[in-house]
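So you know, we letter chains A, B, ... as the sequences are listed, proteins then strands, and number each from 1.
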Amino acid sequence: MHNENKVKIKFMRNGYLCRLFDFPMNRIQDELIASIQSALQSIFQIENAEVVLQETKKEFEGTFTFVVFPFTKQAGMAPPQIAQKIGDFVLENLAGISKFQVVQGFLNFTLADELWAEALLSLQNDPQAYTLANKNEKILIEYSSPNTNKPLHLGHLRNNFLGFSVAQILAAGGYEVIKTNLVNDRGIHICKSMLAYQKMGQGETPESSDLKGDHLVGKYYVAFDKAYKAEMETLIAGGMEAEQAKIQAPIMQEAQAMLVAWEQGDPKVIQLWETMNAWVLGGFEKSYAQMGVRFDKIYRESNTYLLGKKIVDEGLQSGTFFRKEDNSVWINLEEEGLDEKLVLRKDGTSVYITQDMGTAQLKFEDFGAKKSVYVVGNEQDYHFEVLFHILKKLNKPYSLGNYHLSYGMVDLPSGKMKSREGTVVDADDLMSEMVQTAKERTTELGKIEGFSASELDNLFNQLGLGALKYFLLKVDPKKRMLFNPEESIDFQGNTGPFVQYTHARICSMIRKAKEQAIDFQLKSTPKADLSPTEQELIYLLGTYKAKIEEACAQFSPAIIAQYAYDVAKQFNKLYNEHSILNEEDAIKRNIRLTLAELTGKTIREAFELIGIQSPERM
RNA sequence: GGUUCCGUAGCUCAGUUGGAUAGAGCAACUGCCUUCUAAGCAGUAGGUCUUUGGUUCGAAUCCAAACGGAAUCACCA
């Protein structure tokens, strides 16, 4: 950034420090700031003033606004007079400014038309318009992380879409991104499904039952819970305390015994585990394919927990961990404002965090990335705080670049989703409902002549998943959100299909222009006045890279989704105000076609980042 | 109880390192398809930004307190 630290360049569109364009618009910004500074200096003798530019509010004429209130005292004059004097000075000295307007203490500058045309040309010719410079840095992103005892639900959809999208965004931001998935395939919850299957399964398989593997296993997880509850009720009716009944229920005791047998390598249990695990993972694969998410490497807890135990040994030797009389191993995190945390049980078996230490180590050995993002729900904030502190205390080389992307839960109107009780919105069901709705909507609108059957299937998928992904991603990841299954997800307004529609419409126009052999490519700066609507669109398109930067910094696909919507909305406005393909003035027509094409590209790129495809016809 | 997060239109959400009259979408109502795709556009209506105090030229935004909600504080994962 030029002008050192005397000058802060800020655009208030999103309250985030950013630049509009790489070229040429930032030249005018810097020039404007410099000019205002010299005005302050020569008129009011204010040296080295901090000059902040903001974007002019829509209701007023102009592009950049300078707020003079902060200088009232030093200048010894009323704000409007100060603004007037600075405006006069800038107008005289800076060619790119065509006029200015004073509203109270706000000084609004209007840019000369040729600057907008220049900006459009440079956008068209920018070979690196949609990605940032290579950062030469690896970053790991871990997301999805399912349990292998039940199918995926709506919460997992948010996780998967978020994780995949953030990976795309970081890649566009110049990082080398490695996507990992840590499958949670061991523990008591897995035994519950296994035990219920053993008792009631009667040899059922995905093939024999025509159920997706994960759904089949999930069925037995629910069956376990039902049987467990029934047993508890019987015990309580027999006079036992509820707390005791929880532990004493025979089926729970059996599940515990199974866990022990499994850890001791009982071949029968292992075999059952392998079979059922394979069913679940097979089912997940189909769900992932439908979601459109991918991973570079899949880790399994059953493979990483032993490495975790090794790290515990290391930590004991270095004195980071300590052993209590009962043989359990702990770390003291009181200095960090926390308390003592267990890292290994007294029986020597690993806990959740042991396994996470192992996974972190393994990932580093595999990829050597010092930065890591964990996409995990905010219910685990405390866990990750502890994990990151532990890694730091162990002086691991990968301990400083960790970030927990803590997203909010998806709640139903009835409250939290619970797999055990069956009060969940199933991921597969929801996706196919969305595709079905897309099919109905599209058929109603009747614009699908000339599509083949496979093209139609593809389109319905793109639209249904587009609506769903957009719905889940447009909200700030950190916030918990509400999903009401009674109300269907919209296809109109601030939605995925709205943006997709704008894209399809642009594609249609560009196709027609090509059919008519119109070459609208700009060869030089066009000489034409641009309407405010056109200027605003150019402005928006020019902020794309700044949006990537912002989305990277905040790990937020919502910023990209909102941006794509703004761009589409602005284009639709232009589309209704002006003729594009039918414009008689060839220069104006070419400008608008160029704008249309750039808009289409920008939408496609932005939607790619949030994992949504942009159909060319719909 | 401790810690963390949240409270903006009837509903779902933007906007928060302090700036002008707080924005979208849905739902409601009014217009616009013999011209480039009406899944669109233009408009009407809807707000004491939970409350109270403070900081200052200026607060939805910063600080403090209160009220309301959520998560977490496991030898579950």
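Between F388(A) and Y403(A), the gap from one ring centroid to the other reaches at least 6.0 Å.
By the 30° and 60° cut-offs, the orientation of the rings of Y352(A) relative to H383(A) is parallel.
Spacing between rA65(B) and rU61(B) at atom P, rounded to whole Å, works out to 16 Å. For the P atom pair drawn from rC29(B) and rC49(B), the interatomic distance equals 29 Å after rounding to whole Å. The P atoms of rG15(B) and rU8(B) are separated by 14 Å, rounded to the nearest whole Å. For the P atom pair drawn from rU3(B) and rA42(B), the interatomic distance equals 49 Å after rounding to whole Å. Comparing the C1' positions of rC63(B) and rU56(B) gives an interatomic distance of 13 Å, to the nearest angstrom. Using C1' as the reference atom, rU44(B) and rC36(B) are 30 Å apart when rounded to the nearest Å. When the C1' atom is compared between rU72(B) and rA14(B), the two are found 28 Å apart, to the nearest whole Å. If you take atom C1' in rA22(B) and the same atom in rG47(B), they sit 8 Å apart, rounded to whole Å.
A straight line from CG of L473(A) to P of rG25(B) spans 20 Å, rounded to a whole angstrom.
Residue R480(A) places no side-chain N or O under 4.0 Å from the OP1 or OP2 atom of rG69(B). K57(A) has no side-chain polar atom (N or O) that falls below the 4.0 Å cut-off from OP1 or OP2 of rG19(B). Applying the 4.0 Å criterion to OP1 and OP2 of rG25(B), one finds that K569(A) has a side-chain N or O inside that range. Between rA38(B) and R505(A), a contact under 4.0 Å exists linking OP1 or OP2 to a side-chain N or O. Note on K479(A): a side-chain N or O is less than 4.0 Å away from OP1 or OP2 of rA14(B).
Both geometric conditions, a ring-centre gap below 5.5 Å and a plane tilt below 30°, are fulfilled for F60(A) over the base of rA20(B).
Side-chain atoms of H578(A) and S531(A) form a donor-acceptor pair, as typed in the model, at a separation below 3.5 Å. Side-chain atoms of E433(A) and T437(A) include no donor-acceptor pair closer than 3.5 Å. A donor atom on one side chain and an acceptor atom on the other are found under 3.5 Å apart for N277(A) and T148(A). Between the side chains of Y539(A) and Q570(A), no donor-acceptor pair is found at a separation under 3.5 Å.
In this structure, K341(A) does not pair ionically with E336(A), as no charged nitrogen and carboxylate oxygen lie closer than 4.0 Å.
Taken residue by residue, residues 573-585 of chain A places heavy atoms nearer than 4.0 Å to RNA chain B at K573(A), Y575(A), N576(A), H578(A), S579(A), I580(A), L581(A), N582(A). For the segment residues 346-355 of chain A, residues with any heavy atom less than 4.0 angstrom from an atom of RNA chain B are, sorted by number, K346(A), V351(A), Y352(A).
Figure legend: cation-pi geometry between R158(A) and Y407(A) absent, as NZ or CZ is not positioned both under 6.0 Å from the six-membered ring centre and within 45° of its axis.
A search for side chain to side chain contact (heavy atoms under 4.5 Å, CB included) contacts involving K588(A) returns E583(A), D585(A), R592(A), not counting sequence neighbours.
Counting atom types as modelled, T495(A) pairs no side-chain N or O with a base atom of rA39(B) as donor and acceptor under 3.5 Å. Donor-acceptor pairing under 3.5 Å, judged by distance alone, is present between the side chain of D326(A) and the base of rC75(B). Taking 3.5 Å as the limit, the base of rA39(B) and the side chain of T442(A) contain a donor-acceptor pair of atoms between them.
Look at rC26(B): its glycosidic torsion is beyond 90° from 0, and that puts it in the anti range.
Of the residues listed (L445(A), T442(A), I448(A), L459(A)), the one engaging M618(A) in a side-chain contact (heavy atoms from CB on, under 4.5 Å) is L459(A), and it is the only one.
E379(A) comes within contact range of the sugar-phosphate backbone alone, with a heavy-atom separation under 4.0 Å but no base atom that close.
Summarising the geometry of S406(A) relative to N378(A), their closest heavy-atom pair is OG-CB, 2.9 Å, with the distance given to 0.1 Å.
Place N494(A) and F106(A) on RNA chain B by their nearest nucleotides, and F106(A) ends up nearer the 5' end.
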